[in-house]
Amino acid sequence: DIGVTGVQTCALPIFVIMYLNYTTNPYIRCMLVIYYLLILQSRYYKKCHTIPQLLVGSLLGMATSFTLLHYKARLL
């Protein structure tokens with residue numbers, strides 16, 4: 001049983017991938033990835049989510065952000 005993924009776990013990859021798409025600064029890109037990993041780590045260590053929940057939530061968020069990026073020309 002995976003349980004319920006959290007909003008933070010799903011929304012965070014959307015935020016990170018969207019900003020990675022709009023910045024070319026390598027320092028900002030690196031900090032975004034580190035920020036993402038630290039949030040995931042904190043959700044696990046605070047026992048808010050299990051590893052499967054974090055993985056599923058991250059995959060859902062990534063799929064959403066890639067879909068939004070793919071269709072953004074049609075949406076705007």
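Only this structure's heavy atoms are used, side chains among them; waters, hydrogens and symmetry mates stay out. FYI, the numbering just counts along the sequence from 1.
- We find the CG-CG distance between Leu55 and Leu40 to be 8.5 Å, quoted to the nearest 0.5 Å.
- Hydrophobic cluster membership is shared by Tyr45 and Ile51, with clusters built from Ile, Leu, Val, Met, Phe, Trp and Tyr side chains linked at under 4.5 angstrom.
- Checked against side chain to side chain contact (heavy atoms under 4.5 Å, CB included), Ile39 has the following partners two or more places apart in sequence or in another chain: Leu12, Tyr35, Arg43.
- Both Val16 and Leu37 are assigned to one and the same hydrophobic cluster, defined by single-linkage of ILVMFWY side chains at heavy-atom distances under 4.5 Å.
- Under a hydrophobic clustering in which Ile, Leu, Val, Met, Phe, Trp and Tyr are joined whenever their side-chain heavy atoms come within less than 4.5 Å, directly or via other members, Val33 and Tyr44 fall into the same cluster.
- Residues forming a side chain to side chain contact (heavy atoms under 4.5 Å, CB included) with Met62 (at least two apart in sequence, or on another chain): Pro13, Ile17, Tyr36, Ser58, Phe66.
- Considering only residues two or more places apart in sequence or on other chains, Ile28 meets the side chain to side chain contact (heavy atoms under 4.5 Å, CB included) condition with Thr23, Asn25, Leu32.
- Ser42 pairs by the side chain to side chain contact (heavy atoms under 4.5 Å, CB included) definition with nothing, not counting sequence neighbours.
- We find the CG-OG1 distance between Leu69 and Thr64 to be 11.0 Å, quoted to the nearest 0.5 Å.
- Counted within 6.0 Å of CE on Met18, heavy atoms from surrounding residues, nucleotides or ligands total more than 12; the atom is thus considered enclosed.
- Scanning both residues, Leu20 and Arg29, for their nearest heavy atoms gives O-NH1, 2.5 Å.
- Taking Tyr19 as the reference, Phe15 meet the ring-ring contact (aromatic ring centres under 6.0 Å, His included) condition, with sequence neighbours excluded.
- Among all heavy-atom pairs drawn from Gln53 and His49, the shortest one is OE1-CA, 3.0 Å.
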